[in-house]
Student: 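Structure below; questions to follow.
FYI, the numbering just counts along the sequence from 1.
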Amino acid sequence: MEYISGVVERITYANEENGFCVIKIKSKGFSDLITVVGNLAAVNVGATLRLKGNWKFDSKFGKQFNAIDYRETVPATLAGIEKYLGSGLIKGIGPVYARRIVKHFKEDTLRVIEEEADYLINVEGIGQKRVDMIKKAWKEQKEIKNVMLFLQSNGVSTAYAVKIYKTYGNESINIVKSNPFRLADDIWGIGFKTADKIAQQLGFEKNSFERCRSGIIYVLNELSNDGHCYSIREQLVSEAVKMLEIDEGLIDSTIDRMLEEKAIISDENNAIYLPTFYFSETGVVKRILEILSVKTSANTIDIDQIILEIQQEHNISYDQIQLEAIKAATMSKFMVLTGGPGTGKTTTTLAIIKVFQKMGLKVLLAAPTGRAAKRMSETTGMEAKTIHRLLEFKPAEGYQKNAENPLECDVLIIDETSMVDIVLMYNLLKAVANETIVTLVGDVDQLPSVGAGNVLKDIIDSEIVKVIRLTRIFRQALGSTIITNAHKINKGEMPMLKGGRNSDFFYIEEEEPAKIAETIKSLCSKRLPDYYKIDAVNDIQVLCPMQRGEVGAQNLNSILQEALNPSDVTIKYGGTVYRLKDKVMQVKNNYDKNVFNGDIGTISTIDMEDKTLTICFDGTDVEYDVTELDEVVLAYATTVHKSQGSEYKIVVAPFTMQHYMMLQRNLLYTCVTRAKKIFVLVGSRKAIGIAVSNSKIQQRNTMLAKRLKDKGN
């Protein structure tokens with residue numbers, strides 16, 4: 001082994017996932033910069049390193065020093081200190097402040113920051129707020145560095161070190177050493193496999209209870225990510241054995257112990273639940289039955305007369321099924337209104353609201369997402385809130401509206417209910433008084449919720465609540481090929497692919513994925529904006545069946561970002577470069593920030609000094625630290641699943657054989673119905689044909705319909 005020392009001049013490559021870096025260092029006795037490769041977690045430009053390793057010759061890159069270990073020493077020169085501080089190491093100090101601080105304190109700079117940081121207030125432009133930020137960041141970076149080095153030595157990603165530190169603070173190393181499987185439970189983004197890798201490095205037994213328990217919870221969580229509320233015991237054992245590579249008997253005994261401890265719950269059908277999903281499912285059943293048990297007083301009111309007045313006042317005429325829906329809503333305590341595009345769902349909902357208002361009842365409106373709530377507000381002229389806002393969610397305290405403090409209304413109408421998962425539905429119904437009239441509106445033929453459950457379909461299938469299905473397509477909607485084709489797809493018929501000049505549905509036939517990507521780039525950056533005189537970023541949305549692949553959302557985002565947003569104001573996290581004015585999407589519910597999975601916003605500021613950026617979501621600015629950017633993805637292209645509850649002026653969608661696993665009727669139907677004005681389908685007829693004919697919707701493990709049926713009879 002050899003040792004070399006030097007100052008980090010630049011970081012050529014850094015892999016956030018595994019900590020592998022290529023750096024250039026300046027070292028005494030060497031005229032040129034030395035290339036150093038290895039796992040160099042938490043290294044910054046300007047740092048002085050003592051490296052242990054050996055020399056090797058790479059045929060492509062030449063002579064390199066392969067480092068297997070290093071330690072950091074304090075930079076010796078003023079230039080080194082300035083470079084070190086300005087490298088982004090400390091939030092609050094970028095290159096500008098680094099220069100000012102070093103100019104003021106000279107060789108004493110690092111000692112002042114370490115021991116007497118309050119003196120930084122004497123530096124031009126630094127106020128008390130920044131002093132406090134620098135003090136906190138300096139303390140954190142020392143701890144984070146220890147955590148990073150510890151994790152790196154145990155083969156884990158450097159990208160997770162900051163998250164671990166933010167969760168556990170100075171206890172990080174002790175907690176990880178004592179039970180690394182806690183990481184999978186406590187920290188978003190760290191799954192069981194990562195925790196298991198750390199545990200093995202730390203010498204945890206393959207058969208340990210902690211490992212088995214964590215593996216079982218991981219399997220149940222993975223199933224919930226696919227929409228399932230529970231697992232049959234045999235399936236759970238089989239999946240856990242496969243993943244953990246241990247004896248079946250050990251899994252069985254662990255499940256029994258977890259059932260005793262109530263870490264998981266089993267019901268009479270041998271279904272095993274994580275507690276959240278069990279209590280949500282049984283809770284929804286209980287609440288629906290309790291609401292149904294209290295009769296409505298609307299029976300005494302002349303509904304026909306009220307409807308007649310509304311039709312005369314607004315010069316409108318409702319058809320027979322709409323009249324039935326309006327009457328059913330007023331006569332039922334709990335009702336579902338469903339139907340496809342162009343069948344008058346919005347008009348009928350508006351009529352129902354007007355009838356309730358004429359009856360002197362207080363109506364509240366809500367939808368699962370910000371975009372769906374905004375659209376509901378626009379169509380009704382009333383305030384509609386997201387369900388989270390309606391329930392007054394507070395991060396530290398949970399939902400302020402609940403059984404003890406219910407919603408103050410006579411009528412609650414929820415739009416886009418197909419998007420509501422079992423947990424959110426339970427929290428919503430807990431906050432509904434038994435006397436309240438509930439109307440759920442949604443298109444049951446769309447994709448089900450991203451979260452666990454299939455709530456709208458299950459409530460309809462239970463047959464214990466009144467269901468009105470609107471089926472007639474109104475004359476004005478028949479002029480739209482988007483609507484005509486949506487209904488054709490839903491019936492299992494091939495859509496009309498030949499669009500005329502004045503059509504709103506276009507098809508571009510292309511088999512090659514690379515050519516499809518190029519066509520989409522051309523459509524979004526030039527052809528559509530030029531022809532329709534629209535904003536390429538905000539008015540066009542690319543919707544993909546999948547994330548991965550050449551025509552998946554990830555790759556198309558890179559292509560479209562390059563074409564639509566050339567801004568050179570950037571910040572990098574992981575493998576993604578985020579640019580000022582980028583269109584982005586939140587991919588995790590963040591209750592602290594009050595932003596939710598699927599919310600789309602625009603990057604409005606990037607602060608390189610503080611390593612933060614601001615994203616504007618529907619007029620509200622939300623600040624993100626660079627370490628929180630794994631919650632945000634580019635959104636020029638997104639998946640059809642993530643588009644639920646949203647409408648876009650123009651939708652461009654690739655459908656190819658690359659997407660074979662996802663080619664389903666309800667996916668294509670949902671995709672087409674997201675377009676308000678224009679829909680452009682790019683891809684192969686064969687892929688479209690497969691999607692149209694594949695009506696086999698993946699069955700979700702949910703007992704809601706059965707429980708409602710059993711309890712309701």
Student: Give a yes or no answer on whether the side chain of Glu248 reaches the backbone of Val241 with a donor-acceptor pair at less than 3.5 Å.
Tutor: no

Student: Please verify the inter-ring angle class for Phe181 with Phe204; under 30° counts as parallel, over 60° as perpendicular, anything in between as tilted.
Tutor: perpendicular

Student: Would you say Arg111 has more than 12 foreign heavy atoms packed within less than 6.0 Å of its CZ?
Tutor: yes

Student: Are more than 12 heavy atoms, taken from residues, nucleotides or ligands other than Arg130, located less than 6.0 Å from that residue's CZ atom?
Tutor: yes

Student: If you define the side chain from C-beta out and look only at heavy atoms, does anything of Ile4 sit under 4.5 Å from Ile25?
Tutor: yes

Student: Looking at side-chain heavy atoms only, is the closest gap between Ile603 and Tyr578 below 4.5 Å?
Tutor: yes

Student: List the atom of Ser231, the atom of Gln235, and the distance in Å for their closest heavy-atom pair.
Tutor: OG-OE1, 3.3 Å

Student: Looking at Ser178 and Ile175, would you say the former's side chain and the latter's main chain have a donor-acceptor pair under 3.5 Å?
Tutor: yes

Student: How far does CZ of Phe65 sit from NZ of Lys52, to the nearest 0.5 angstrom?
Tutor: 10.5 Å

Student: Does a sphere of radius 6.0 Å around CD in Glu116 hold more than 12 heavy atoms from other residues, nucleotides or ligands, not counting ones at 6.0 Å or beyond?
Tutor: yes

Student: When rounded to the nearest 0.5 angstrom, what is the spacing between CZ in Arg182 and CD1 in Ile190?
Tutor: 12.5 Å

Student: Would you call the rings of Tyr399 and Phe393 parallel, tilted or perpendicular, where under 30° means parallel and over 60° means perpendicular?
Tutor: perpendicular

Student: Do Arg233 and Leu259 have side chains that get closer than 4.5 Å, going by heavy atoms?
Tutor: yes

Student: Are Leu629 and Leu613 close enough that some pair of their side-chain heavy atoms sits under 4.5 Å apart?
Tutor: yes

Student: Within the distance-only criterion (no hydrogens, no angle test), does the side chain of Glu2 pair as donor or acceptor with the backbone N or O of Trp55 below 3.5 angstrom?
Tutor: no

Student: When you measure from the side chain of Asn557 to the backbone of Ala553, do you find a donor-acceptor pair of N or O atoms at a distance under 3.5 Å?
Tutor: yes

Student: Just jot down the side-chain hydrogen bond (donor to acceptor under 3.5 Å, both in side chains) partners of Glu268, sequence neighbours excluded, or say none.
Tutor: none

Student: What are the two closest heavy atoms between Ala637 and Cys544, and how far apart are they?
Tutor: CB-SG, 4.3 Å

Student: Taking the side chain from Asn66 and the backbone from Asn54, do they hold a donor-acceptor pair closer than 3.5 Å?
Tutor: no

Student: With Asp267, which residues qualify under salt bridge (charged side-chain N to carboxylate O under 4.0 Å, His left out), at least two apart?
Tutor: Arg707

Student: Restricting to side-chain hydrogen bond (donor to acceptor under 3.5 Å, both in side chains), what partner residues turn up for Gln561, sequence neighbours left out?
Tutor: Asp582

Student: Do the side chain of Thr254 and the main chain of Leu250 share a donor and acceptor less than 3.5 angstrom apart?
Tutor: yes

Student: Should Ile422 and Thr276 count as side-chain neighbours, where that means a heavy-atom distance under 4.5 Å?
Tutor: no

Student: Looking at Ser27 and Ser5, would you say the former's side chain and the latter's main chain have a donor-acceptor pair under 3.5 Å?
Tutor: yes

Student: Indicate the atoms forming the closest heavy-atom contact of Asn454 with Arg700, along with that distance.
Tutor: CB-CD, 4.3 Å

Student: To the nearest 0.5 angstrom, please state how far the CG atom of Leu183 sits from the OG atom of Ser214.
Tutor: 9.0 Å

Student: Between Asp186 and Thr167, does any side-chain donor sit less than 3.5 Å from a side-chain acceptor?
Tutor: no

Student: Please evaluate residues Ile113 and Leu85 with respect to the criterion side-chain contact (heavy atoms from CB on, under 4.5 Å), reporting the C-alpha separation (whole Å), side-chain torsions for both, the decisive distance (0.1 Å), and the verdict.
Tutor: CA-CA 10 Å; Ile113 294 173; Leu85 287 180; 3.9 Å; yes

Student: Is any side-chain heavy atom of Leu428 closer than 4.5 Å to one of Val420?
Tutor: no

Student: In the structure I gave you, are the side-chain heavy atoms of Val587 and Lys642 within less than 4.5 Å of one another anywhere?
Tutor: yes

Student: Apply side-chain contact (heavy atoms from CB on, under 4.5 Å) to the pair Ile217 and Phe192, showing each step before the final yes or no.
Tutor: CA-CA 9 Å; Ile217 287 173; Phe192 170 79; over 6 Å; no

Student: I need the minimum non-hydrogen distance between Arg211 and Met243, along with the two atoms involved.
Tutor: NH2-O, 4.5 Å

Student: Regarding Tyr218 and Asp196, is there a side-chain donor-to-acceptor distance under 3.5 Å anywhere?
Tutor: no

Student: Name the residue from Asp607, Thr605, Asp621 that meets the side-chain hydrogen bond (donor to acceptor under 3.5 Å, both in side chains) definition with Thr614.
Tutor: Thr605

Student: Residues in side-chain hydrogen bond (donor to acceptor under 3.5 Å, both in side chains) with Asp58, at least two apart?
Tutor: none

Student: Between Gln400 and Gly398, is there a donor-acceptor pair closer than 3.5 Å when you use the side chain of the first and the backbone of the second?
Tutor: yes

Student: Going by side-chain hydrogen bond (donor to acceptor under 3.5 Å, both in side chains), name the residues that satisfy it together with Arg548, two or more places apart in sequence or in a different chain.
Tutor: none

Student: For a quick test of reading the model, state the closest non-hydrogen atom pair linking Met546 to Thr639 and the distance between them.
Tutor: C-CG2, 3.9 Å

Student: Flag yes if more than 12 heavy atoms outside Lys139 fall under 6.0 Å of its NZ atom; otherwise flag no.
Tutor: no

Student: Once rounded to the nearest 0.5 Å, what's the spacing between atom CD1 of Ile134 and atom CG of Asp118?
Tutor: 11.0 Å

Student: Do the side chain of Asp247 and the main chain of Gly249 share a donor and acceptor less than 3.5 angstrom apart?
Tutor: yes

Student: In terms of ring plane angle, is the pair His388 and Tyr591 parallel, tilted or perpendicular, where the classes change at 30° and 60°?
Tutor: tilted

Student: Mark yes or no for whether Asn270, through its side chain, and Ser266, through its backbone, hold a donor-acceptor pair below 3.5 Å.
Tutor: no

Student: When you check the gap from the basic side-chain N to the acidic O, do Arg213 and Asp185 get nearer than 4.0 Å?
Tutor: yes

Student: First locate atom OG1 of Thr576, then atom CD1 of Ile571, and finally report the distance between them rounded to the nearest 0.5 Å.
Tutor: 12.5 Å

Student: Would the number of heavy atoms belonging to other residues, nucleotides or ligands and lying under 6.0 Å from CD of Glu205 be above 12?
Tutor: no

Student: Which residue pairs pass the salt bridge (charged side-chain N to carboxylate O under 4.0 Å, His left out) test when at least one of the two sits in residues 588-602, sequence neighbours left out?
Tutor: Lys588-Glu631, Lys593-Glu628

Student: Ignoring hydrogens, what is the shortest heavy-atom contact between Cys229 and Thr702? Give both atom names and the distance.
Tutor: SG-CB, 4.3 Å

Student: Using 30° and 60° as the class boundaries, would you call the ring planes of Tyr273 and Tyr230 parallel, tilted or perpendicular?
Tutor: tilted

Student: Does a side-chain heavy-atom distance below 4.5 Å link Asp421 with Val455?
Tutor: no

Student: Given Leu274 and Asn221, is the side-chain contact (heavy atoms from CB on, under 4.5 Å) satisfied, shown in steps?
Tutor: CA-CA 8 Å; Leu274 289 169; Asn221 271 317; 3.4 Å; yes

Student: Under 6.0 Å from the NZ atom of Lys401, do we count more than 12 heavy atoms belonging to anything else shown?
Tutor: yes

Student: Kindly indicate, with the supporting measurements, whether the criterion side-chain contact (heavy atoms from CB on, under 4.5 Å) is fulfilled by Val176 and Ile164.
Tutor: CA-CA 9 Å; Val176 173; Ile164 292 169; 4.2 Å; yes

Student: Could you state the interatomic distance from CZ (Phe279) to CD1 (Ile265), rounded to the nearest 0.5 Å?
Tutor: 3.5 Å

